[in-house]
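A short worksheet on the structure shown next.
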4 protein chains.
Amino acid sequence: MTDQSEITARKRRPEARPSEILEAALDLFTERGFNATRLADVASRAGLSKAAIYLYFNDKTSLLTALVQATVGANISLASDMISKHQGPVAPLLRQLLSFMAGRMEETRMPDLIKLVISESRAHPEIGHFYLDNVIGKALPLFQSLIERGIASGEFREVDPRLTVKCLVGPMLLGAIWKSAFEPIGADPIDISALAAHDADLIIRALRP
Amino acid sequence: MTDQSEITARKRRPEARPSEILEAALDLFTERGFNATRLADVASRAGLSKAAIYLYFNDKTSLLTALVQATVGANISLASDMISKHQGPVAPLLRQLLSFMAGRMEETRMPDLIKLVISESRAHPEIGHFYLDNVIGKALPLFQSLIERGIASGEFREVDPRLTVKCLVGPMLLGAIWKSAFEPIGADPIDISALAAHDADLIIRALRP
Amino acid sequence: MTDQSEITARKRRPEARPSEILEAALDLFTERGFNATRLADVASRAGLSKAAIYLYFNDKTSLLTALVQATVGANISLASDMISKHQGPVAPLLRQLLSFMAGRMEETRMPDLIKLVISESRAHPEIGHFYLDNVIGKALPLFQSLIERGIASGEFREVDPRLTVKCLVGPMLLGAIWKSAFEPIGADPIDISALAAHDADLIIRALRP
Amino acid sequence: MTDQSEITARKRRPEARPSEILEAALDLFTERGFNATRLADVASRAGLSKAAIYLYFNDKTSLLTALVQATVGANISLASDMISKHQGPVAPLLRQLLSFMAGRMEETRMPDLIKLVISESRAHPEIGHFYLDNVIGKALPLFQSLIERGIASGEFREVDPRLTVKCLVGPMLLGAIWKSAFEPIGADPIDISALAAHDADLIIRALRP
DNA sequence: CATGAATGAGGTTTCATTCAT
DNA sequence: AATGAATGAAACCTCATTCAT
C-alpha cells in the first residue's frame, strides 16, 4: 500500500522486532484497552503476521508484562541516584525530582503505562505486584526518606512523612491519569510540568517550620 | 433442593432485582475487572439466570453505565449544597469537604467505581464522558470556586486556582486507586480520612498569604 | 435443506443431546481419526452448533472419554455373570463367551472403540488407563480363572493360563482391528463369529489332556 | 556453545541424515503419537533445524511412510525364504516362524510400527494400503500356504486355513499392541517369545489329525 | 417474570511449511 | 547443506446474546 512499508518483514532488521511489537502494542493498548486490543491489530501495526508475534512473546499478556518491565527500572534508579548524591537543603531537590517526574510524564508514555497497570492489575496480578514492588515500593520510600531528612535537619516542620509523601505524589498520579484517560476523551489538556512545579511550591511552603 | 433458598428468585421482592444485579456486578467488576467478568457469574451471584439480566439491562455495558450513574449524582449535589450555603472563611469548609470525600471513599464503593471508570473509559467512551461531565466537570469547578473565594477575601494568597485544585484533589485520587487497585493486591492499607485531613492541612497552610 | 432435519435443534428433546453428540463423534473419530476430526463436523453431524457441544462436554477429549466409558462396563459385567453362574464343564462356556464377544464385535461399534483406544492411549493416557483397568484388567483375569477351573477339574491339561488367555483373546483383537482399521481400507471383510468359533475349537482341542 | 557438540550438524556424515531423522521421528511418534509430535521436536532431536527436514522429506507424512517402508520389506522376504526352502514336516517350521516373528517384535521397533500403522491408516490411507499390500497381504498367505501344505500332507487335520492363520497370528498382534500401547502405560511387561512358543504349541496340537 | 437451551461471531494460539540468506 | 525468520490456515474454545417455553 504505502511505498517503503511494503518491504516485507523478512527484510527488516530482526533485532528490532521485539521493540517494534511492543511499540505497536502500547499504542493499541492505550487506544482501546488491553482486552479490546486484537493481537491481529498489534501484528499488522507492527508489520507482521499474528504468528510472528509468538516468535518473540509467549502470550498476549507477556506483551503487557514486557511493556511494564521495559518502561520501569531506569527512571527509578535515576531518581534514586539524584537523591543519594544530594547534599544540603532538601527543598530544591524536591522541586527537581518533581520536575523530573513531570518530564517523564510528558516525554515518555509513562502515563499510559501507569493507567494500563492500574487497569489490568486485577486481571493480571503479576503485573500489579511487579509495579507495587518496583515502582511504588521504591519511589514512595525514596520520597519519604527525603522528607525525613528535611525534618531531621530542621528544614521542615514535623509532619507524618508517609501521608506527606502521598500528598506530594497524588497530583502527579492525577496528571498521569488525566493525560492518559481523560485528555483523549476531550478533557482540557493538562500541563504536568506546571502542575509539578506548583505541587512542589505548595508542599515546600506547607512544610516550613 | 427446593427448600427455602430455592424459592428465592421468584418470591423475593422483584423491585429489588436491578440493584441486586448491580451489586453483584460491581463486586465482580471490582474483583476481576469488567472484561474478565462473565455475565453468567453476575447472574449466579445475583441468584438469577443469565437471561434474566436482559429483562433489566440491555447490555453488559449497561451494567457499567448504570453503576456509574447510580453512584455519582447524589454526592456531587450534596457537596455543591455545602459550598453554596457556606459563609465565612473558606478553610474550614475545605477541611469539611475533604473529610466528606474521604468518608465517601471509605464507606461507599466509590474507589472501585473510580478505578472502573478510569479503566474502561477508553473502551466505553460514553462512560468516560459521563464521568467527565458529571463528576470531574462539576467537582473541580466547585473546589476552584472555593479557592477563588478564599483568594478574593484575602484568606488565601494569590495562586493559580486550577493547579491548586488538582493538587488538592490528587491525593484523594491516589487514595481511591490505592484502595481499589493496590490494597487488594497486598499494598499496605491506606487511611483515606487521615490522608484527607493531612491534605487539607498542607493545602491550607500552603495557601496562607 | 432436508425436510425433517431442519427442525432446529431447539425443538428436539434435549435429553438425547449427549448421546446424539457421542454418536456423531464416534462416527467421525472412526472415519478420520480423533485428531483429524473437527469439532465443527461433530457439531453439524449432530445437528448442533459447535458451541452447543460445550454445553454437554468440557473438551474434545471428553468426547473420547465419554465414548469409552459408555461402551465399556455393561459387557464386562455381563460376561462376568455368565462365568460366575456357570457350572459343569468349561469348554461350552468358553465357546459361549467367545461367541458373545464376537456378537459384540459385530453388532456394536466395539471394534472402532478398541482401535480408538489403542490409537489414542499415548496422547491421552487417562483413556489408556481406564481401558487397562476396566476392560483388559477385568476380561483377561476372567478368562484366566476359567482356564484355571478347567485345569483344576481335569478337563484341561496343565498349561500356563496367562499365555493361554492371550492366545485365546488375540484372534478377537485381530478381528476388531481388522474390522475397524483394514476393512474400511479395502481388506476382505472378516467374519468375526466364525473366527471366534474356530478360535474356541482350536483352543479347546489344544487344551485336551 | 561453539565447542565440539556444536559442530555436529554440518560435520557429521551427512549421508546418515535421513535415517537420523527417521529415528528421531519414530521415537517421538511412538512416545506421543503422530499428530501430537511436532516437526520441531523431530528436528531438534535429530540435531537439525525444522527446515532441514524438508531437504530430505516432503512432508510430515512422508516421515511416516518412509518409516513404514524401511521397516517392512526385509522381514517378509526372509520369512518367505524360510518357507519356500523348507521341506519335511510343517510343525517345526511353524514354531520357527513364530519364534522369528517374536524375535523381530522384541529386538526391533516393529510393535511401534504396527501400532502406528493401525492408528494412522484412516487418516493416511496410503500407509494403510502399503501395509495391507506388503505385510498383511504377504504374511497371511505365506502362513496359509504352510497350513495348507500340512493339511495336504496329512500332518494336519482339515481346517479352514484362512481362519486358522488368523488364530495363529492374532496372539502376535496382541503382543505387539500390548508392548507398544499398554506396556508404556503401566501394563505388565509381556514376554512375546514365550507367547509365540505357546501359540505354536497350541496351534500344532489343535491341528493334529 | 424467568429460564434452559442454543448459537454467531470471533479471538488466541499452534504448526506445517516456505523464503531468503 | 542448512537455517532463522516468517506466515497462512485453521482449530478450539468462550461468551454475550437471543429464543421458545
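Fair warning: this is a prediction, and the values are worked out from it, not measured in the lab. In what follows, every chain begins at residue 1, and chains take the letters A, B, ... in the order their sequences are listed.
Nearest nucleotide to the side chain of B/K50, out of F/dA5, F/dT17, E/dT13: F/dT17. Ranking E/dT3, F/dC13, F/dA16 by closeness to the B/S49 side chain, first place goes to E/dT3. Comparing atom distances between the C/L55 side chain and each of E/dA5, F/dA1, F/dC13 picks out E/dA5 as nearest. You'll find that the side chain of B/A51 is closest to E/dG4, out of F/dA16, E/dG4, E/dT18.
A straight line from CG of C/D41 to C1' of F/dC12 spans 13 Å, rounded to a whole angstrom. Computed from coordinates, the C/L39 CG to E/dT13 P distance equals 19 Å when rounded to whole Å. The distance between atom CG of C/N58 and atom C1' of F/dT14, rounded to the nearest whole Å, is 13 Å.
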Dot-bracket notation for DNA chain F, counting Watson-Crick and G-U pairs under 3.5 Å, with | for partners on another strand: .||||||||||||||||||||
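Looking at A/K60, its side chain has no donor and acceptor atom pair within 3.5 Å of the base of E/dT13.
Residue pairs meeting the ring pair (Phe, Tyr, Trp, His ring centres under 6.0 Å) criterion with at least one member in residues 16-37 of chain C, sequence neighbours excluded, are C/F29-C/F34, C/F34-C/H124. Applying the salt bridge (Lys or Arg N to Asp or Glu O under 4.0 Å) rule to pairs touching residues 109-124 of chain D yields D/D27-D/R109, D/R109-D/D112, sequence neighbours excluded.
Contacts of A/Q69 classified as side chain to side chain contact (heavy atoms under 4.5 Å, CB included), with partners at least two apart in sequence or in another chain: A/T65, A/F130. Annotation: salt bridge (Lys or Arg N to Asp or Glu O under 4.0 Å) contacts of A/E31 (sequence neighbours excluded): A/R45. By the side chain to side chain contact (heavy atoms under 4.5 Å, CB included) test, A/I114 is found to be paired with A/M105, A/M110, A/I118, A/Y131, A/L173, A/A176, residues two or more places apart in sequence or in another chain being considered. Residues meeting the side chain to side chain donor-acceptor pair (under 3.5 Å) test with C/D41, sequence neighbours left out: C/R32. Listed by chain and residue number, A/T61, A/S62 satisfy the side chain to side chain contact (heavy atoms under 4.5 Å, CB included) test with A/D59 (two or more places apart in sequence, or in another chain).
Taking every heavy atom of residues 115-126 of chain C and every atom of DNA chain E, no pair lies under 4.0 Å. Of the residues in residues 21-38 of chain B, those placing a heavy atom less than 4.0 Å from an atom of DNA chain F are B/T37, B/R38, in numerical order.
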Show the atom names and distances, to 0.1 Å, of all donor-acceptor pairs under 3.5 Å that link a side chain in residues 47-58 of chain A to residues at least two apart or in another chain.
{"from": "A/S49", "atom 1": "OG", "to": "A/A52", "atom 2": "N", "distance (Å)": "3.4"}

